[in-house]
Number of protein chains: 2
Amino acid sequence: MKGKSSIKEISELSGVSIATVSRVINQNGRFSKDTEKRVRKVIKEMNYQPNAVARGLRKSKVQAVGIIVPDITNEFFAQVTLNLQNDLSKMNYPAFICNTREDSEIERKNLDMLKALQVSGLIYISGAFSDDKETLSVPTVFIDRKPPFNSSNNHNIVLIESDNEQGGYLAATELLSSGCSNIGMITFNRSRSTHYNRYMGYKKALSESGIVPDENMVIEAENSDPVSGYHSFKSLIEKNPHLDGLFCSSDVLAIGALQAIHEIGMKVPESIKLVGFDDISTTALPGISITTIRQSTASFSSIAVKILVSMMNEVNDEPENKQFVLPVELIRRKSTQMVLTREITDEAPL
Amino acid sequence: MKGKSSIKEISELSGVSIATVSRVINQNGRFSKDTEKRVRKVIKEMNYQPNAVARGLRKSKVQAVGIIVPDITNEFFAQVTLNLQNDLSKMNYPAFICNTREDSEIERKNLDMLKALQVSGLIYISGAFSDDKETLSVPTVFIDRKPPFNSSNNHNIVLIESDNEQGGYLAATELLSSGCSNIGMITFNRSRSTHYNRYMGYKKALSESGIVPDENMVIEAENSDPVSGYHSFKSLIEKNPHLDGLFCSSDVLAIGALQAIHEIGMKVPESIKLVGFDDISTTALPGISITTIRQSTASFSSIAVKILVSMMNEVNDEPENKQFVLPVELIRRKSTQMVLTREITDEAPL
DNA sequence: GTGAAAGCGCTAACAC
DNA sequence: GTGTTAGCGCTTTCAC
């Protein structure tokens with residue numbers, strides 16, 4: 001009854017050798033239908049569960065994966081992580097989730113722990129992976145952010161990301177088409193592929209519509225959080241009092257900016273229009289209602305897990321240098337609504 | 001150079017037996033200063049890291065802990081989990097974080113995986129732990145929510161929670177002292193000790209100030225999220241048009257309620273005052289500024305980890321039925337500000 | 001179709 | 001103070 005039994009106990013109770021029990025459990029090698037039935041019965045009766053650690057020692061790798069994530073306190077990352085964890089769990093892979101807080105020291109340490117635990121695979125969400133010389137010893141999938149490798153080392157990298165440039169492009173286009181002509185942007189860390197590409201998309205949209213992008217209308221936030229968004233907007237509006245449109249490289253920045261906007265007495269969408277990125281839950285709240293770019297976090301996860309599992313299972317350790325760019329979607333909300341009459345106010349019912 | 005070496009290799013290179021190497025690594029047994037120095041040198045040179053899986057097999061438990069959490073997408077839980085993970089990592093315990101989505105099926109499965117991996121300890125955050133008959137096989141700490149055991153089984157339980165009743169009491173008292181007389185409450189799942197106690201504190205404060213608690217002014221939200229808070233407020237205000245104070249059992253509920261409040265043309269704090277619970281980041285935003293009850297998530301974590309580690313290390317498997325109730329703190333913000341003049345408006349600068 | 005046995009890397013007696 | 005050795009529970013040749 002207690003789940004404490006070992007394969008030896010099962011073999012004795014079912015009158016076969018431990019080798020055969022192992023074959024049944026792993027569905028490899030040969031055994032008769034009859035034997036299988038008997039063994040399965042005992043396993044069930046004893047509520048036996050194979051010891052994953054012993055198996056891990058024998059196979060030199062444990063059936064588990066490590067997930068490296070900057071900060072699960074950020075709803076976007078939390079969502080991605082949650083999906084990954086669910087999908088992995090369905091394939092019977094438990095996940096070690098490691099927060100790095102963008103600290104390469106912590107990242108290093110977590111990586112060491114994961115290595116000592118012999119995880120079978122790794123998923124990097126927006127990771128720094130600063131350790132250039134380190135060769136990836138286990139199958140690894142990168143999500144959201146391109147690892148800053150020198151291309152020479154780059155065998156066997158899988159990258160899954162959104163079409164960030166298209167996202168930036170859609171965002172700026174939405175602002176343009178809803179009538180804005182002075183469109184600013186709050187970015188974050190343009191040294192990262194993610195945010196750099198969003199910025200490029202923004203510039204592209206402006207250029208295409210005949211506007212010369214002005215670097216004075218772009219500000220780089222210090223952190224990716226509402227407080228930084230708040231301060232960035234304050235700076236930006238000071239330099240550009242005629243701002244009538246704003247694209248923020250993430251929703252948390254947009255939320256901070258929105259507060260600043262209200263505070264100085266401007267109205268969204270009447271006096272300024274706003275677009276964010278990520279589609280976190282807060283943006284959907286009635287009364288906040290920020291137009292944003294939705295990334296398909298569910299697809300991130302399902303693709304990542306599917307590929308990772310196949311890399312972990314197959315002997316196929318072949319370089320399968322793959323790159324996935326997922327489409328993004330504009331979620332149109334009140335913050336970019338055209339204002340024709342006075343019917344839209346804070347007090348109006350939904 | 002590669003971190004692929006084994007204890008055997010280290011022993012050969014340093015000219016001692018593997019037993020001695022093991023002793024040095026684990027700092028137990030005896031060895032000469034000189035030997036230690038030599039062994040350490042080789043370990044460093046080879047960049048050797050002990051195989052945690054082999055050790056785990058030998059010791060019948062792996063140096064890692066499992067964390068069971070309902071939903072890391074909820075900022076409050078994310079914060080607690082993040083702290084736990086950091087504190088555990090400092091003690092060299094990697095953490096398996098498992099989201100249950102409040103689904104006992106998933107919880108069961110995660111528990112099985114963790115057991116197969118032989119984790120040394122378990123932390124339940126607000127867990128259902130529905131499985132009454134299951135005896136805890138490893139040291140376990142419960143955070144936030146009392147497990148619904150029958151007391152007979154209750155050896156060896158550690159529970160860490162906030163003083164939720166005091167929190168509810170502080171919240172209602174704040175509303176009373178800022179002039180409210182019709183104070184409603186949005187609760188969530190009062191079958192849980194956490195929310196039940198907040199509700200009790202609320203009732204206590206009302207009673208003490210001579211108000212008879214009216215069950216019509218209390219509504220139980222379907223989920224713990226803004227949408228539920230929004231709808232709950234709509235129902236509540238319909239039944240109680242004179243409501244001038246509202247206590248929400250969590251901040252996410254309060255945020256939803258706030259939207260509903262704005263939508264029907266009421267003003268916070270002018271026409272209704274509001275208090276939440278948890279102190280998640282959104283409540284602190286300028287323009288939102290919801291008074292709330294702060295729980296010391298950092299203390300949750302440090303206490304939990306300290307106790308768990310001691311339980312995991314010591315042979316002391318003794319029943320140490322411990323219970324910690326941590327103080328909470330009222331964070332006073334604009335949503336409960338007394339309004340004497342017209343100086344406080346939405347448009348006022350910070 | 002099945003069993004015997006080696007061994008994954010480590011810890012913990014037990015010897016000396 | 002140090003070495004030898006027996007497993008921990010499992011997978012996987014290699015026999016038969």
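Per chain, numbering begins at 1; letters A, B, ... match sequence-line order. From a predicted model like this one, the values you see are computed outputs, not experimental measurements.
Atoms NZ (A:Lys8) and P (C:dA4) sit 12 Å apart, rounded to a whole Å. At whole-Å resolution of the value, CG in A:Leu57 and P in D:dC10 are 12 Å apart. Atom CD1 of B:Ile25 and atom C1' of C:dA12 are 14 Å apart (whole Å). We find that CD1 of A:Ile7 is positioned 11 Å from P of D:dG9, with the value rounded to whole Å. Rounded to whole angstrom, the span from the CZ atom of B:Arg55 across to the C1' atom of D:dG9 amounts to 18 Å. One atom, CZ of B:Phe31, and another, P of D:dG3, lie 13 Å apart when rounded to the nearest Å. Rounding to whole angstrom units, CG of residue A:Asn28 and P of D:dC10 are separated by 15 Å. B:Ile43 places its CD1 atom 13 Å from the C1' atom of C:dC10, with the value rounded to the nearest Å.
Here A:Ser60 lies out of heavy-atom contact (under 4.0 Å) with every strand. Residue contacts shown for B:Arg30 include a base, since a base heavy atom lies under 4.0 Å away.
For the segment residues 32-40 of chain A, no residue has any heavy atom less than 4.0 angstrom from an atom of DNA chain D. Annotation: proximity of residues 9-20 of chain A to DNA chain D (heavy atom, distance under 4.0 Å) is found for A:Ile18, A:Ala19, numbered in ascending order.
For the 3.5 Å distance criterion, the side chains of A:Ser162 and A:Gln295 qualify, holding a donor opposite an acceptor. There is no side-chain donor-acceptor pair under 3.5 Å between A:Asn83 and A:Ser301. In the model, B:Ser302 has no side-chain atom that pairs as donor or acceptor with a side-chain atom of B:Ser299 under 3.5 Å.
Taking each heavy atom of B:Met312 and B:Lys61 in turn, the nearest pair found is O-NZ, 2.9 Å.
A side-chain contact (heavy atoms from CB on, under 4.5 Å) with A:Val65 is found for exactly one of A:Leu88, A:Ile97, A:Leu84, namely A:Leu88.
In this structure, B:Glu105 does not pair ionically with B:Lys109, as no charged nitrogen and carboxylate oxygen lie closer than 4.0 Å. Under the 4.0 Å criterion applied to side-chain N and carboxylate O atoms, A:Lys33 and A:Glu36 are assigned as salt-bridge partners.
Contact annotation: the side chain of B:Ser11 never approaches that of B:Ser17 to less than 4.5 Å [non-hydrogen atoms, C-beta and beyond].
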Next item on the list: Could you walk me through whether A:Ile123 and A:Thr140 pass side chain to side chain contact (heavy atoms under 4.5 Å, CB included), step by step?
Entry: CA-CA 6 Å; A:Ile123 299 178; A:Thr140 302; over 6 Å; no
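Within the 4.0 Å cut-off from OP1 or OP2 of D:dC8, not a single side-chain nitrogen or oxygen of A:Asn51 is found. Phosphate contact (OP1/OP2 of D:dC10, side-chain N/O of A:Tyr48, threshold under 4.0 Å): present.
Across the interface with DNA chain D, nearest-nucleotide mapping of B:Gln118 and A:Arg23 shows B:Gln118 to be the residue nearer the 5′ end.
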